[in-house]
Amino acid sequence: MASALLAIDLGFMGPNYSISTACATSNYCFHAAANHIRRGEADMMIAGGTEAAIIPIGLGGFVACRALSQRNDDPQTASRPWDQDRDGFVMGEGAGVLVMESLEHAMKRDAPIYAEYLGGAINCDAYHMTDPRSDGLGVSSCIKNCLEDAGVSAEEVNYINAHATSTLVGDLAEINAVKKVFKNTEGIKMNATKSMIGHCLGAAGGLEAIATVKAIQTGWLHPSINQFNPEPSVEFDTVANQKQQHEINVAISNSFGFGGHNSVVAFSAFKP
């Protein structure tokens with residue numbers, strides 16, 4: 001319904017459908033939209049995610065999974081990815097959408113180009129409904145496939161917008177998988193958007209893609225807040241508590257969802 005109503009309002013007659021892959025949804029949409037454009041099936045696509053799950057059944061489900069933070073006495077510091085005292089994520093709501101189009105179409109209409117979408121990948125852990133795969137193979141192979149699709153090497157990536165939800169198992173599982181791809185963490189900065197806005201589920205990847213594009217555009221990385229007692233095994237510059245200037249070469253944005261859904265997209269500055 002959501003995508004159909006938008007198409008009716010705008011008169012967009014190209015491929016139109018909704019994807020539901022839990023917290024990986026937005027990146028799945030970017031991946032699909034880009035491939036439609038690459039195949040010549042559309043000149044422009046509107047893609048992203050939206051979520052409004054702060055209702056009793058939405059919260060109740062995640063409480064039952066023991067996924068939510070119980071730091072109710074201090075909500076402002078409850079979302080603390082990579083902190084040793086993290087105890088679950090904070091639910092958020094929102095929407096994040098990108099206008100994606102071919103370079104030829106964008107230049108023809110003199111559109112402002114904020115970043116270049118380089119490539120993406122999707123896959124499945126095929127392991128467990130809620131737990132990440134113990135060997136990290138799903139995530140690491142998804143990142144590798146994304147870089148291959150983007151035509152870049154791991155050495156060219158110097159910024160990661162992490163999935164980093166603030167859960168005990170998930171945060172380190174992502175780190176361990178990322179380390180399998182990026183052998184040298186020096187020079188790579190990585191931050192956690194969810195530390196400030198919570199976990200917006202299907203909208204998370206959309207909002208994080210926008211954060212990634214804005215970081216490319218402005219040269220500033222937002223901080224990962226609530227870093228009081230960092231996990232020593234992280235071994236990345238997590239932009240802890242204070243924003244940092246950083247000239248991004250290639251950025252990737254990670255999104256992973258219940259059911260083992262993995263999705264990674266890559267962006268860079270547009271260089272005519």
Side-chain angles (χ1 to χ4, degrees), residues 1-21 23-51 94-123 142-143 145-152 156-161 193 200 202-222 247-255 261-272:
M1 182 186 289
S3 60
L5 289 171
L6 186 59
I8 292 166
D9 283 346
L10 297 175
F12 277 27
M13 297 179 68
N16 187 301
Y17 51 94
S18 297
I19 295 173
S20 180
T21 47
C23 311
T25 295
S26 291
N27 281 2
Y28 266 67
C29 293
F30 298 141
H31 179 263
N35 286 338
H36 284 301
I37 294 169
R38 285 171 168 177
R39 291 195 296 263
E41 297 165 358
D43 295 316
M44 176 192 290
M45 298 285 289
I46 295 175
T50 180
E51 193 83 73
V97 174
L98 300 181
V99 176
M100 305 178 73
E101 58 187 308
S102 68
L103 177 60
E104 181 183 9
H105 188 269
M107 295 184 77
K108 190 182 295 182
R109 70 184 189 94
D110 199 26
I113 299 173
Y114 299 112
E116 180 179 355
Y117 172 90
L118 299 178
I122 58 175
N123 72 4
C142 193
I143 295 172
N145 291 344
C146 171
L147 298 182
E148 184 177 348
D149 186 56
V152 298
E156 293 176 82
V157 176
N158 67 344
Y159 169 57
I160 301 171
N161 187 295
T193 303
C200 296
L207 292 160
E208 287 157 6
I210 292 169
T212 302
V213 168
K214 291 300 290 183
I216 291 168
Q217 184 189 7
T218 65
W220 284 96
L221 304 181
H222 71 68
E247 186 176 346
I248 295 171
N249 183 36
V250 173
I252 66 168
S253 180
N254 295 338
S255 287
H261 301 298
N262 303 315
S263 56
V264 182
V265 290
F267 300 93
S268 70
F270 171 63
K271 298 170 184 175

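Numbers for residues simply follow the sequence, beginning at 1. These values consider heavy atoms only, across backbone and side chains, with no hydrogens, waters or symmetry-generated copies.
Contact check on R109 versus D43 returns no salt bridge, with no Lys/Arg side-chain nitrogen under 4.0 Å from an Asp/Glu carboxylate oxygen.
Applying the 6.0 Å contact sphere to CZ of F270 captures more than 12 heavy atoms from other residues, nucleotides or ligands. A 6.0 Å sphere centred on CD of E156 holds more than 12 heavy atoms belonging to other residues, nucleotides or ligands.
In terms of modelled atom types and a separation under 3.5 Å, the side chain of N16 and the main chain of S3 share a donor-acceptor contact. For the pair T25 (side chain) and G202 (backbone), a donor-acceptor distance under 3.5 Å is absent.
If you take NE2 on H261 and OG on S255, they are separated by 12.5 Å, rounding to the nearest 0.5 Å. Summarising the geometry, atom CE belonging to M44 is positioned 8.5 Å from atom OG belonging to S102; distances are rounded to the nearest 0.5 Å. Taken to the nearest 0.5 Å, the CD1 atom of I216 stands 6.5 Å off from the OG atom of S268. Distance check, rounded to the nearest 0.5 Å: CZ of F12 to CD1 of I46 gives 4.5 Å. Between atom OH of residue Y117 and atom CG of residue D149 there is a gap of 6.0 Å, rounded to the nearest 0.5 Å. Residue L118 holds its CG atom at 11.5 Å from CD1 of I252, rounded to the nearest 0.5 Å.
Applying the salt bridge (Lys or Arg N to Asp or Glu O under 4.0 Å) test to E41 and every residue at least two apart in sequence or in another chain returns R39. In this structure, H31 has no ring pair (Phe, Tyr, Trp, His ring centres under 6.0 Å) partners at least two apart in sequence or on a different chain. Contacts of A32 classified as side-chain contact (heavy atoms from CB on, under 4.5 Å), with partners at least two apart in sequence or in another chain: Y17, I19.
In terms of heavy atoms, K271 sits closest to N249 at NZ-OD1, 4.4 Å. The two atoms that bring G119 and C146 nearest to each other are O-SG, 3.7 Å, heavy atoms only. Annotation for C200 and G94: closest pair SG-N, 4.4 Å, computed over non-hydrogen atoms. Closest approach of M45 and P15 over heavy atoms only: CE-O, 3.7 Å. Summarising the geometry of S263 relative to A24, their closest heavy-atom pair is OG-O, 3.2 Å, with the distance given to 0.1 Å. Scanning both residues, A203 and E51, for their nearest heavy atoms gives CB-N, 3.8 Å.
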Open item on the list: Assess the residue pair N262 and V264 against the criterion (side-chain contact (heavy atoms from CB on, under 4.5 Å)); give the C-alpha distance rounded to whole Å, side-chain angles, the decisive distance to 0.1 Å, and a yes or no.
Closed with: CA-CA 7 Å; N262 303 315; V264 182; 5.9 Å; no
- [ ] Could you go through the side-chain contact (heavy atoms from CB on, under 4.5 Å) check for F267 and L98 one step at a time?
- [x] CA-CA 12 Å; F267 300 93; L98 300 181; 4.1 Å; yes
Open item on the list: Would T193 and H222 count as a side-chain contact (heavy atoms from CB on, under 4.5 Å) here? Give the steps.
Closed with: CA-CA 8 Å; T193 303; H222 71 68; 2.8 Å; yes
Open item on the list: Quick one, I113 with L103, criterion side-chain contact (heavy atoms from CB on, under 4.5 Å). Give me CA distance, side-chain angles, the key distance, then yes/no.
Closed with: CA-CA 9 Å; I113 299 173; L103 177 60; 3.8 Å; yes
Open item on the list: Go through it in stages, so that I can follow the logic: the residues are N27 and S253, the test is side chain to side chain donor-acceptor pair (under 3.5 Å), and I'd like the CA-CA distance, side-chain angles, deciding distance and then a yes or no.
Closed with: CA-CA 8 Å; N27 281 2; S253 180; 4.5 Å; no
